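First the structure, in the form of structure tokens, and then the observations on it.
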Amino acid sequence: MDLALLRTFVTVHRAGSFTRAAALLGLSQPAVTSQIRTLERQLGRPLFLRQARGVTPTTIGDELAHKAAPHLDALVEITETGLDDESSLRSLHLAGPPEFTAERALPALTGLTGDDNQGFALRASFGTAEETLEGLAAGHHDLAITTARPRGALLTATALCDEEHVLIAAPHWVERIGAGHLRHKGAHALEDVPVVEVHESLPFVSRYWASVFDSRPAAPGTVIVPDLRAVLACAVAGAGLAVLPRYLCADALDRGEAVALHDPPVPPLRTYFLVVRTGTLAMPHIARAHEWLLRAAADWA
């Protein structure tokens, strides 16, 4: 069987579209379509069901991708790193949410970038859970950190750590609300406090209110910034309340720049997953980074 046909097939399977696969491979769409048809003729079975938008793999298509993809990834790794150039470092491509990746994952992995014959060059990119998993499946990343557990057999997820969410604000808000009033009235005492969030839908605040208060937040977002570190800065500056991961706001709480407005018996948690393409943990640099992050996560708790 022609390896070029298999490579095209795996790319289509990961991209979910002949058009996206063609762009990734640097081929025309008719060329990709022709290669898939050739492979289907050789196997005597259809590999994809054509839909209005993209394609869906058949059962035999999923089975072939699950068996072939890890081996093709290994072959690509060999050709990219070279057989004779021992001085060159292989690259690890990591993707994940900007704040967690920057504050947790990247500092943990920098210890693996040294010149010890086992080190690697590190490349990182940020994105949403959907973008990150799509990029991983398409082969743009080697390792992904996400809060969404992927479905299907092409990606393998391992629970990395849980993050606790904390409801915070600048100290003067406690003075304005009144500590006793806040303690007894709960969410009702916070109805007039402005909200700082990462999106108009208030994902962090809404999740906290539903989990802790069994209600929905009354106040709309006053400051919306697409980065949790900016949310923290605005909350510390007095813009309003915010819900943040404890790892991100712990220093501000310790310094008294912010205070926790509530201390629920069971704080809301969110789980992060470490995700790879199935079979790629056979590659030493990916396996080493994977293990290193899992060890580091034990201390993050």
Side-chain angles (χ1 to χ4, degrees), residues 10 13-16 65-66 69-74 76-77 80-81 89-114 116 118-165 198 203-204 207 227-229 244-248 250 267-301:
V10 169
H13 189 278
R14 287 171 170 168
H66 181 68
H71 301 290
L72 284 170
D73 287 335
V76 170
E77 177 71 11
E80 287 183 349
T81 57
L89 289 175
R90 61 180 62 191
S91 295
L92 179 88
H93 294 264
L94 173 71
E99 304 88 356
F100 186 89
T101 305
E103 300 290 330
R104 291 296 206 195
L106 289 175
L109 288 175
T110 53
L112 295 179
T113 59
D116 62 354
Q118 295 184 9
F120 48 74
L122 183 59
R123 301 290 182 268
S125 60
F126 301 146
T128 64
E130 182 180 2
E131 292 167 345
T132 297
L133 291 176
E134 285 183 355
L136 179 65
H140 299 313
H141 319 307
D142 300 312
L143 197 59
I145 298 171
T146 175
T147 54
R149 183 188 287 274
R151 298 179 179 179
L154 280 185
L155 300 178
T156 300
T158 304
L160 180 62
C161 66
D162 292 329
E163 68 173 18
E164 176 189 346
H165 286 181
V198 294
F204 283 83
R207 191 182 303 118
D227 189 293
L228 290 175
R229 291 162 293 193
L244 291 167
R246 183 171 288 278
Y247 78 85
L248 198 60
L269 300 175
R270 184 169 66 165
T271 301
Y272 282 98
F273 298 95
L274 196 53
V275 190
V276 296
R277 290 187 301 281
T278 300
T280 57
L281 286 179
M283 301 180 186
H285 70 303
I286 297 179
R288 193 172 182 216
H290 190 273
E291 181 184 3
W292 199 274
L293 283 173
L294 290 176
R295 288 182 179 178
D299 296 329
W300 298 340

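These numbers were taken from a predicted model, which means no experiment stands behind them. Worth knowing before you read on, the calculation uses all heavy atoms, side chains too, and leaves out hydrogens, waters and symmetry mates.
Rounded to the nearest 0.5 angstrom, Arg277 CZ and Arg14 CZ are separated by 4.5 Å. Between the CZ atom in Arg149 and the OG1 atom in Thr158 there is a gap of 8.5 Å [rounded to 0.5 Å]. To the nearest 0.5 Å, atoms NE2 (His165) and CG (Leu248) are separated by 10.0 Å.
Looking at heavy atoms from C-beta onward, Leu143 lies out of side-chain contact with His93 at the 4.5 angstrom threshold. Under the 4.5 Å side-chain criterion, counting only non-hydrogen atoms from C-beta, Leu112 is not in contact with Leu122. The shortest side-chain heavy-atom distance between Glu131 and Ser125 does not fall under the 4.5 Å cut-off. Using a 4.5 Å cut-off on side-chain heavy atoms (C-beta onward), Leu160 and Phe273 make no contact. Within the 4.5 Å cutoff, the side chain of Thr156 has no heavy atoms near those of the Val275 side chain. Looking at Leu94 and Ile145, their side chains come closer than 4.5 Å, going by heavy atoms from C-beta outward.
Closest approach of Pro107 to Thr101, counting heavy atoms only: CD-O, 4.1 Å. The two atoms that bring Thr132 and Gly127 nearest to each other are OG1-O, 3.6 Å, heavy atoms only. Between Ala296 and Ala108 the shortest heavy-atom distance is CB-CB, 3.9 Å.
Legend: residues meeting ring-ring contact (aromatic ring centres under 6.0 Å, His included) with Tyr247, ordered by chain and number and at least two apart, are Phe100. Residues that satisfy the salt bridge (charged side-chain N to carboxylate O under 4.0 Å, His left out) test with Glu291, not counting sequence neighbours, are Arg295.
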**Pair Leu293-Trp300, side chain to side chain contact (heavy atoms under 4.5 Å, CB included): steps then yes or no** = CA-CA 10 Å; Leu293 283 173; Trp300 298 340; 4.3 Å; yes
**Message:** Checking Asp142 against His285 for the side chain to side chain contact (heavy atoms under 4.5 Å, CB included) test, could you report, in this order, the C-alpha distance in whole Å, the side-chain angles of both residues, the deciding distance, and whether it holds?
**Reply:** CA-CA 10 Å; Asp142 300 312; His285 70 303; 4.3 Å; yes
**Item:** Derivation of the side chain to side chain contact (heavy atoms under 4.5 Å, CB included) call for Leu269 and Glu163
**Value:** CA-CA 5 Å; Leu269 300 175; Glu163 68 173 18; over 6 Å; no
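Between the side chain of Glu99 and the main chain of Leu228, a donor-acceptor pair closer than 3.5 Å is present.
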